[in-house]
Amino acid sequence: MKILIKNGRIIDPKAGIDKKSDLLIENGKVMKIASAIKEEKAEVIDAAGKLVVPGLIDMHTHLREPGREDQETIKTGLRAAVKGGFTAVCPMPNTEPPCDNQAQVKFLKEKAEQYGLAKIWPIGSITRGRKGKAIADMTDLKEAGVRAVSDDGDSVEDAELMRRALEYASMLDLLVISHCEDKKLAGEGVMHEGYWSTVLGMSPIPSASESLIVERDIRLAALAGARLHIAHVSAEESVNAIRQAKKEGITVTAEVTPHHITLKDEDLKTYDTNLKVNPPLRSVSDIKALKEGLKDGTIDVIATDHAPHLVNEKEKEFDYAPFGMIGLETALSLSAALIDEGVLDWKTLIEKMSVTPGKILQVPGGTLAEGACADVTIIDPDKEWVYTKKSIESRSQNSPFLGWKLKAQVTDVIVGGKIVLREGEIT
Ligand SMILES: [Zn+2]
Ligand SMILES: [Zn+2]
């Protein structure tokens, strides 16, 4: 099968391409980038006025299967991924049971292959059963194709155990993704500690509950010589710690979510429980620091932390509602707002949502170089659209962005040379 993408602006930061051109896909691979390609037997996609970029890769997704298929299944999660322009996602292991063994990794991969939507790179847990007591069998996980481990949802509380886990991961060349949270310090908190938590009378979560563990895990990673990735950075102090660590030559990378750069603690005055996330939405000055971090390269990646929850779970009092919001279908548009703000340009945005996640995870993708696997996302950069319940592919609807007018929309997605999204519709 041949696909010919005509007249698009091809942006491939890795190959140093940014030009108007045609792109030909054949047998699942990028065959040729050239102007005015003639190919009679190909399916033609007209990409005039659009961007043709390497498929987006989400390093941080919650798919909920097995265990909570009422919130999200692998299938619905992958449909949401494709709709949002992602050609690969990395499901976090905090399912029921947690993904800490080969059988479960295989289950996830087989299911994803069967659906033929986005690809899947399952993340294994750091500790057995995510219990924080003993290190998971990382050799087994690595053999099953796992590239990264994480106990996301929790930090590994025991610093000695975390050090050993980092050493073990380093030996196997596995990335360790850290959810940084001192649970005791965060306590029963539900929002960022600051002026607005006082005004609203809500239990506070101090920034230090994140940044202390960021600093601890950076030091432990340096000791172990491991590759550490900090999940969902939200606080200015964390950005500063990561910037300092990079200066020292420590191998740490970091991600931010679109919601942490779009929304602030003050927004919680609506008491919308869809704004309850962990880590919490921070202050205006934190957001400024996150954007500076994105701009100067301290923050390498934009990842969704797509966290589906049922409507009836979220329709509780703020204190009792679960943490998390869905994000796969809005991530690109929300992040693209950074371009209008002058924080990033398209090249650096594609780096943070495709090239760098692929590089950090050591997975194929993140490039449109000739011969590369044809994972391609096509974006209409100027298209304005309204995010509605009707458009949602995820099984859950817990998003505070419903009704928002967004700019930049994914129109077509090709995974492994197969069209999975065509003019906004899943094929
Ligand atoms: Zn987390
Ligand atoms: Zn998460």
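Both ligands and their constituent atoms are indexed starting at 1 by order of listing. When reading the values below, keep in mind they use all heavy atoms of this one structure, side chains included, and skip hydrogens, waters and symmetry mates.
- Look at Lys407 and Asp340 and you find a salt bridge, because one of the NZ, NE, NH1 or NH2 atoms lies within 4.0 Å of a carboxylate O, short of that distance.
- No other N/O/S atom of Asp152 lies as close to the Zn ion (ligand 2) as OD2 does.
- When the Zn ion (ligand 1) is compared with the N/O/S atoms of His179, atom ND1 turns out nearest.
- Contact annotation: Asp305 places no N, O or S atom under 2.8 Å from the Zn ion (ligand 1).
- Looking only at N/O/S atoms, His232 comes nearest to the Zn ion (ligand 1) through NE2.
- Take the Zn ion (ligand 2) as the corner point: the lines to NE2 of His60 and to NE2 of His62 open at 110°, to the nearest 10 degrees.
- Taking 4.0 Å as the cut-off between side-chain N and carboxylate O, Glu393 and Arg79 count as a salt-bridged pair.
- If you check the side chains of Asp152 and His60, you find a donor sitting under 3.5 Å from an acceptor.
- Between Glu167 and Arg164 a salt bridge is recorded (basic side-chain N to carboxylate O distance below 4.0 Å).
- Glu248 and Arg219 are joined by a salt bridge, as a carboxylate oxygen and a charged side-chain nitrogen come within less than 4.0 angstrom of each other.
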